[in-house]
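Ligands are counted one by one from 1 in listed order, and the atoms in each one are counted from 1 as well. This structure is a prediction, so every number in the text was calculated from the model and none was measured.
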Amino acid sequence: MTPKIGRVFSGIRPTGHSHLGNYLGAIKNYVALQDEYECVYCIVDLHALTTVEDTLDLRQNTYEMALDLLAAGIRPEETILFVQSHVPQVTELHTILSMVTPLGKLTDLPTFKEKARQQPHNINYGLVGYPVLMAADIVLYKSDVVPVGVDQAPHIEFTREVVRSFNYRYNANVLIEPQMKNTETPKVLGIDGKEKMSKSLANQIEIAATPEATRQRVMMMVTDPQRVKRTDPGNPDICNVFSLHKIITPAGDVAMINIECRRAGIGCVDCKKLFAGNLNKALEPFRAKRGELAAKPAHVHAVLEDGAARARAIAEKTMVEVREAVQLP
Ligand code: SF4
């Protein structure tokens, strides 16, 4: 095994079946990072509680996310994969970090304002403290690096400030300021072609779906709105199907579509059929592995338990230092 250049931490929400946006935006990157970093990946069930009121599916969704990650290529023999609530030290650190966090800073964060707008009936304390819990997650495992998209950058900057406040307040050099690793993730729009792909907007294409269900979703995709008739020339530059072709489809076919669409040489129906076929082909190994894993639930739970034990060992070591710095009796 090649030596690793640092420790990466990232948390992923248990949203149930992952969609293409999750896969291209986060999961593929998680898999790739394993080659260079010691990776600590956490399924953040506690974070989910800030927005999920009905927790009936929480356990199943957490399990489904574990299946998706493992099927996509997370290697549990080297990567630590676990469920957030299985490491209770994170809630202790969250409480301690809360004491060095000004409330105004939390309520000023754009992500809090957005969430408050989205669920005005449920602006709970957890929603305000979400970035503190996220900071606790990151620093508990002494992570050097956190992969982030642009929208998450303020949270990492916030984590760095919390670390500085903690180390200053308690005159300690215990917690590490994590570095951001900007990830080049494509913005994947949903089948509506307007909004980011999201389960809550029901515009998703699930990666674990059957080939036929995938084909049906692809055929519903909105294309160039100006292209009304088959004989109208299209503009691939503003078409979401083409954006996804560029990620999934072999370069030769992408070049062909780019030319033929503009002169109405290919229709949207054929173009989408081609995309659905390529997408199903690309997802074939993932789906096969997922099927194998789903037949062995005891194995998947054992992987998560083993991951939690390894995560707890690191977490407890950090907490011994934190408690000492804070001088907890
Ligand atoms: S032919 Fe393809 S790229 Fe062109 S508008 Fe239709 S779906 Fe989009």
Side-chain angles (χ1 to χ4, degrees), residues 12 15-32 64 68 71-73 114 147 149-152 182-291:
I12 191 162
T15 47
H17 288 124
S18 299
H19 55 65
L20 201 53
N22 305 131
Y23 184 68
L24 298 173
I27 297 175
K28 266 184 89 169
N29 192 36
Y30 275 20
V31 174
E64 299 286 347
D68 286 343
E114 193 191 325
V150 244
D151 52 339
Q152 287 295 312
N182 284 319
T183 49
E184 297 249 341
T185 50
K187 186 177 175 192
V188 180
L189 299 181
I191 60 169
D192 54 11
K194 285 193 199 126
E195 305 283 347
K196 203 170 154 185
M197 192 174 283
S198 150
K199 193 178 171 189
S200 58
L201 296 172
N203 65 1
Q204 80 275 32
I205 298 173
E206 286 184 3
I207 53 173
T210 61
E212 178 51 24
T214 303
R215 198 193 63 80
Q216 285 177 15
R217 291 297 277 174
V218 170
M219 297 316 285
M220 288 164 70
M221 286 178 79
V222 172
T223 63
D224 170 6
Q226 305 296 322
R227 195 173 185 198
V228 182
K229 297 197 294 290
R230 167 68 180 80
T231 48
D232 293 338
N235 180 1
D237 298 336
I238 56 162
C239 174
N240 188 30
V241 179
F242 189 65
S243 306
L244 291 175
H245 263 305
K246 284 195 279 187
I247 303 171
I248 302 287
T249 296
D253 278 350
V254 174
M256 177 277 288
I257 295 164
N258 200 9
I259 294 167
E260 295 302 327
C261 170
R262 293 176 202 275
R263 60 182 185 203
I266 183 171
C268 291
V269 170
D270 286 338
C271 188
K272 288 196 237 184
K273 278 185 188 162
L274 183 61
F275 176 64
N278 287 336
L279 181 59
N280 278 328
K281 202 165 160 204
L283 290 172
E284 231 170 62
F286 164 82
R287 287 170 175 167
K289 179 90 191 285
R290 199 181 193 282

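- Each of Val254, Leu279, Leu283, Asp253 was evaluated against Ile248; a single residue qualifies, Leu279, per the side-chain contact (heavy atoms from CB on, under 4.5 Å) test.
- Here the closest non-hydrogen pair linking Pro285 and Ala282 is CD-O, 3.5 Å.
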Quick one, Arg227 with Cys261, criterion side chain to side chain contact (heavy atoms under 4.5 Å, CB included). Give me CA distance, side-chain angles, the key distance, then yes/no. CA-CA 10 Å; Arg227 195 173 185 198; Cys261 170; 4.2 Å; yes
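- Between the Asp270 side chain and the Ile266 main chain, no donor and acceptor come within less than 3.5 Å of each other.
- Less than 2.8 Å away from atom 6 (Fe) of ligand 1, the protein contributes these N/O/S atoms: Cys268 SG.
- One finds a salt bridge joining Arg215 and Glu212 here, because a Lys/Arg side-chain nitrogen approaches an Asp/Glu carboxylate oxygen to under 4.0 Å.
- Residue pairs satisfying the ring pair (Phe, Tyr, Trp, His ring centres under 6.0 Å) criterion with at least one member in residues 196-242, sequence neighbours excluded, are absent.
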